[in-house]
Amino acid sequence: MAAPLGIALIGGGLFVKEQHLPAALASPLVSVKAVWSRSSKSAEETAKLLADAGTTADVYSSESGPDKSYDELLKRTDIVGLILALPIVDQPSYIEKALAAGKHVLAEKPIAKDLDTAIKLIEYYKKVSAETKATLAIAENFRYLKGWAYAADEIEKLGRVTGFVVRLQSMMETSSKWYNTPWRTTPEYQGGFLLDGGVHYIAGLRTLLRKDPVASVIALTSLVTSHLPPKDTINAILQTQSGALGSYTHSVGSTLSAFDFHVACEHGSVEAGPDKVVTVRGFGEGAKSEEKTFEKSSGVKEEVQAWAEALISGKPHPEQSPEQALGDVEIIEKMLTSGEQDGAKQKLEYQ
């Protein structure tokens, strides 16, 4: 068996420590050689977690001097890829540097803060990869949760989609560990948590509607809870290419609690989720219901393993393509834009 691929973990935040690090350790296909973070403290904390698990990794940071900088890490020939999770606004420039250095990148979602930045990043990637052969994959772990793909298969068995309802209601409290990171507390990107977390739910919805993608959106947005600027609530109507209408309600500032994905079809309906799917065949008194459950997972171990497999085979996973991630951001951005324009209809281009 070939030696594991040498990789580095870029970023020292919560998600790297709680998800990327265990996922990298769980994959026999990769070996963490180094960690980098903007602060030496977080880089050293990540390295200690690795050491506690029996893996020694070199520490790099913006505070560790020129010999331990990000640029120096990129010069290492024993590191072929990076798993990267940095603040949304900062991430694209780090991705570009890595690609220019010939390193493969698995970058945490969203691909960028907005469509324009994402499109420019993809254009840069295509240009530089033609020279360096480096690849860019976007880590959207919802695409590796088995319930979504199973639900999509069930939907296709029930005929054309006739409508859908998505309802996501929660409260992002100031005590949350996810709230208490400066770049999230005072976001410099559209939508705040509606973008940061919302791309997960859009990825799930787009999987369900893979045979009939969303074509246009109409939305109203608001800020219900003052600590969640710029917006914390979206109420939208989405129309698919075939003309089917659906509603999408997402609030991170609500005292309600909901996580519902319902898709109506010609011959039944599907209630979808990451680890449980209920299929109803027929309707009325003759309807028959069937429930399918899956082992709970974050999907991160699966996506890291898939990325490593793609590097070895030379065949990128379509679920990790930058274009998929672009489609996720587009729907969020167009809903927010519609809200800014008092519900003006927005057409989609990248689905």
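- The pair R143-D328 meets the salt-bridge criterion, since a charged nitrogen lies less than 4.0 angstrom from a carboxylate oxygen.
- The list of ring pair (Phe, Tyr, Trp, His ring centres under 6.0 Å) pairs with a residue in residues 280-328, not counting sequence neighbours, reads Y150-F294.
- A distance of 6.5 Å separates CG in L238 from CG in L205, rounded to the nearest 0.5 Å.
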I would like to know whether E333 and Q346 meet side chain to side chain donor-acceptor pair (under 3.5 Å); could you show each step before the answer? CA-CA 10 Å; E333 179 165 316; Q346 306 291 315; over 6 Å; no
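- In this structure, F142 and W148 have parallel ring planes: the angle between them is below the 30° cut-off, well short of the 60° mark.
- Taking CG of L348 as the reference point, atom CD of Q239 lies at 10.5 Å (rounded to 0.5 Å).
- Under the rule for a ring pair (Phe, Tyr, Trp, His ring centres under 6.0 Å), Y350 has no partner lying at least two apart in sequence or in another chain.
- Distance alone, capped at 3.5 Å, is enough to place a donor-acceptor pair between the Y70 side chain and the Y94 backbone.
- S222 places no side-chain N or O within 3.5 Å of a backbone atom of V224 that could act as its donor or acceptor partner.
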Criterion side chain to side chain donor-acceptor pair (under 3.5 Å) on T279 and E290, from CA distance to verdict: CA-CA 5 Å; T279 303; E290 178 184 300; 5.6 Å; no
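- Of the inter-residue distances, the one linking T233 atom OG1 with L168 atom CG reads 11.5 Å to the nearest 0.5 angstrom.
- In this structure, the side chain of K109 does not engage the main chain of A325 through any donor-acceptor pair within 3.5 Å.
- Between the NZ atom of K17 and the OG atom of S42 there is a distance of 5.5 Å, given to the nearest 0.5 Å.
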Step by step, work out the side chain to side chain contact (heavy atoms under 4.5 Å, CB included) result for L29 and Q305. CA-CA 7 Å; L29 303 181; Q305 180 71 6; 3.5 Å; yes
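- Looking only at distances, no side-chain donor or acceptor of S176 sits under 3.5 Å from a matching main-chain atom of M172.
- Remark: the backbone N or O of T249 is not paired with any side-chain donor or acceptor of N235 at under 3.5 angstrom.
- Residue-environment remark: NZ (K276) stays at or below the threshold of 12 foreign heavy atoms within 6.0 Å.
- Taking the six-membered ring for Trp and the full ring otherwise, F164 and H262 have centroids separated by 6.0 Å or more.
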So L209 and Q351, side chain to side chain contact (heavy atoms under 4.5 Å, CB included) or not? Walk me through it. CA-CA 11 Å; L209 301 177; Q351 299 303 302; over 6 Å; no
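- In this structure, the separation between CD1 on I79 and NZ on K103 is 6.5 Å, given to the nearest 0.5 Å.
- Taking a cutoff of 4.0 Å between a charged side-chain nitrogen and a carboxylate oxygen, R184 and D196 qualify as a salt bridge.
- For T55 (side chain) and A51 (main-chain N/O), no donor-acceptor pair under 3.5 Å exists by modelled atom type.
- Using a 4.5 Å cut-off between side-chain heavy atoms of Ile, Leu, Val, Met, Phe, Trp and Tyr, with links allowed through other members, W36 and I95 fall into the same hydrophobic cluster.
- Panel note: side chain D212, backbone T240; no donor-acceptor pair is recorded below 3.5 Å.
- Ionic pairing of E45 and K48 is not present here: no N-O contact between side-chain nitrogen and carboxylate oxygen is shorter than 4.0 angstrom.
- E72 has no carboxylate O lying under 4.0 Å from a charged side-chain N of K68, or vice versa, which leaves the two without a salt bridge.
- With hydrogens and angles disregarded, no donor-acceptor distance shorter than 3.5 Å links the side chain of Q169 to the backbone of S254.
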List the steps and the verdict of side chain to side chain contact (heavy atoms under 4.5 Å, CB included) for V270 and F261. CA-CA 8 Å; V270 174; F261 288 76; over 6 Å; no
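- For E323, the CD atom is densely surrounded, since the number of other residues' heavy atoms within 6.0 Å is greater than 12.
- Using a cut-off of 4.0 Å between Lys/Arg side-chain N and Asp/Glu carboxylate O, E154 and R281 are scored as salt-bridged.
- Using a 4.0 Å cut-off between charged side-chain N and carboxylate O, R210 and E156 make a salt bridge.
- Two rings, from F193 and W178, have their centers 6.0 Å or more apart.
- Checked for salt-bridge contact, E18 and K177 meet the test: a charged N lies under 4.0 Å from a carboxylate O.
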Go through it in stages, so that I can follow the logic: the residues are H227 and E173, the test is side chain to side chain donor-acceptor pair (under 3.5 Å), and I'd like the CA-CA distance, side-chain angles, deciding distance and then a yes or no. CA-CA 9 Å; H227 70 270; E173 298 183 63; over 6 Å; no
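- Between the side chain of S129 and the backbone N or O of T135 there is no donor-acceptor pair closer than 3.5 Å.
- Not a single donor-acceptor pair under 3.5 Å links the side chain of Q190 to the backbone N or O of L195.
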Check step by step if salt bridge (charged side-chain N to carboxylate O under 4.0 Å, His left out) holds for K33 and D78. CA-CA 8 Å; K33 302 291 186 183; D78 62 333; 5.3 Å; no
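- Interatomic distance, K146 NZ to S297 OG, rounded to the nearest 0.5 Å: 8.5 Å.
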Using side chain to side chain contact (heavy atoms under 4.5 Å, CB included), reason through L336 and T221 one step at a time and then give a plain yes or no. CA-CA 7 Å; L336 293 169; T221 58; 4.2 Å; yes
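- Summarising the local packing, CG of D342 is surrounded by 12 or fewer heavy atoms from other residues, nucleotides or ligands at distances under 6.0 Å.
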